There are 2 protein chains.
Amino acid sequence: MVTLRDIASRANVSVMTVSRVIKNSGYVGKETRARIASAIEEMDYRPNEIARSLVNSKTNNIMLIVPDIENMFFSEMVKGTERILREYGFQSIFVDTDGIVQNEKLFSERALSHIVDGLIFYCPRVDGEYLAKICRKIPAIVVDRKVNSEAVDQIYIDNKSGSVRAVDHLIHNGHRKIGLIEGPDNVLANLRRKAGYMTSLHKNGISERVEYIFSANFTFEDGQEACKYFLGLKDPPTAYFATNDLMALGFIQEAQENNVSIPGDFSIIGFDNISISRLISPPLTTVNNPKHRMGALAAYRLLAKLGVSVEIPEYELTNQLVIRGSVRAIP
Amino acid sequence: MVTLRDIASRANVSVMTVSRVIKNSGYVGKETRARIASAIEEMDYRPNEIARSLVNSKTNNIMLIVPDIENMFFSEMVKGTERILREYGFQSIFVDTDGIVQNEKLFSERALSHIVDGLIFYCPRVDGEYLAKICRKIPAIVVDRKVNSEAVDQIYIDNKSGSVRAVDHLIHNGHRKIGLIEGPDNVLANLRRKAGYMTSLHKNGISERVEYIFSANFTFEDGQEACKYFLGLKDPPTAYFATNDLMALGFIQEAQENNVSIPGDFSIIGFDNISISRLISPPLTTVNNPKHRMGALAAYRLLAKLGVSVEIPEYELTNQLVIRGSVRAIP
DNA sequence: TTGTAGGCGTTATCAA
DNA sequence: TTGATAACGCCTACAA
């Protein structure tokens, strides 16, 4: 490994002089600088960032704790984050928890061993108390989760209002029998979306029916299962609200395989507006979730916390209804 | 920051003794160990991995250079990689190049500043010479790209044979007029897939037609453009081979919007078998690309290069044709 | 304009 | 079983 010392001796100067030229700071004689520059060139020297980190106690690494990178909902957020972090000279250390709570603990624990300057949790499932504990120990941002603690710096959209809007839309299209396809109850976003469903129903004078609620785990296959379940009902809903797009997609797929037309027979709305949802047929009506922006905002906010001078953009994190082809008006 | 020294003085021992207990190596008296353990506990001490890295000249970080994490083709590979790396105690530093060659150079350059122990390129677009140069400087693996240099350690599937199989399938189904929808020509995988298309055509006594080849950039929108283009032809092909799934999906979408039935009017085959390709309607016939396995294999091979004792699994990296619903037999 | 000394937090080596 | 010392590669502070 080529070090400062090697360059110094090759150029007949002290290490400090070399250090000055690589950082481009302080006074260095023009002729000396040239000699050093060529030594650096010839020996293909690269500053050791680890040594720098040790001196500055700053790694320029951020850890991103992601439930599942294959899920486009997360890869889109991560894309938004990484771009900004990189722009400001930070690396992204990415870890995939497979949605397992224990892993969230494991990795955030690991982040504490000074390998990163900060931490971003994407839709974590651990209890809020644990999150708060971590956030007190290391600069962190929690995305897509609302925790009751001023220790945690969080970014979330109003999942409930988006869901109200979605279910309202179904009702305005004449539907009265509306099924819910929901995710796990340790994901707060899911709970909020379910709450929106209830709110919309109630304010429209519709009472919920337990048999109209299918609880699952956010996967495509869960959507298929949901469809099978509802098809087995004597009096199935005419419209459905799925708390994420992937389940809505699974539902549609299964419906079509059973010659049930979407939106002819069943209407459905999803949530998140992942990129494929516009690619299927019929294109899915869904609630947009500003994923890139949430990811970017997490980056900006974390950078600000780390003392980097950034201007945090004033993003509006609203969740508009994206009307496409999966809802039909009924008399 | 709590350091070894703090623990040492709190426990009335030298730093070395503390170091021994946290590494769990060497002899430490039982009673001393207990005293140190409780000091660590009370002060919430975490070893500074950066300092360790400096001593060991080993960061336990691997850089993953990815063209686009939102593209499921890559996120699936990355998932496969990260899981294995993590299992062996390595962190994944992920960078997204947005498919820009200049970024590939920038980031691999950065990797040289001792922030990572190794490097994985996913389907890089830089010239092979540059890749070879980097690979001589740092342990690296190149995935989904074939470079003519024994300096570079590479993992790839036989894109050509997979494509031959795909186009053969179209021909066996009676198609003689077959269009190609291809990606950029600085992506080697694309070139090989195109070569497979040509080979299949020729061995079946069909000569290629320039107007049957649409060159684009691997995106969904490119697939839509392709469809528009072909619909404008007086004598369009009856079947298509797209060199990736995303373009095939765009093609299908655009076709259906123009009331062109798939596979009724046009048959189409994609390549990669990304997860959505089975979710659309009709489900896409495509060539499977063992993405998780390629990602995992990259991790194993890199670890082996780094001297980690791993057993490299004997994966078969074959690319089977996955027959689904987007091809129709014609008389 | 350049150099010296000391330290960042840890570990290897040798000595006690 | 434990400790002192030097080192990893770089930087800050001060001195020349």
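In what follows, chains are A, B, ... by sequence order, proteins preceding strands, each numbered from 1. Small disclaimer: the values here were computed from a predicted structure and weren't measured.
No engagement by Ser53(A) is indicated, since no non-hydrogen atom pair under 4.0 Å with the nucleic acid exists. Using a 4.0 Å heavy-atom distance criterion, Thr3(B) is classed as a sugar-phosphate-only contact. Within 4.0 Å (heavy atoms only), Leu4(A) reaches sugar-phosphate atoms of the nucleic acid but no base atom. Counting any heavy atom pair closer than 4.0 Å across all strands shown, Val13(B) reaches sugar-phosphate atoms only and no base atom.
Taking side-chain N and O atoms only, Tyr27(A) has no distance below 4.0 Å to OP1 or OP2 of dG3(C). Between dC10(D) and Lys23(A), no contact under 4.0 Å exists linking OP1 or OP2 to a side-chain N or O. Phosphate contact (OP1/OP2 of dT2(D), side-chain N/O of Thr32(B), threshold under 4.0 Å): present. For dG3(D), one of the phosphate oxygens OP1 or OP2 lies less than 4.0 angstrom from a side-chain nitrogen or oxygen of Thr17(B).
Closest approach to the Arg5(B) side chain among dC8(C), dC11(D), dG3(C) is made by dC8(C) (side chain taken as heavy atoms from C-beta onward). Of the candidates dT10(C), dC14(C), dT5(D), dT5(D) carries the atom nearest the Met16(B) side chain, counting heavy atoms from C-beta on.
Taking a 6.0 Å sphere around CD of Glu109(B), one finds it holds more than 12 heavy atoms contributed by other residues, nucleotides or ligands.
Side chain Arg46(B) to base dG9(C): no donor-acceptor pair is found below 3.5 Å.
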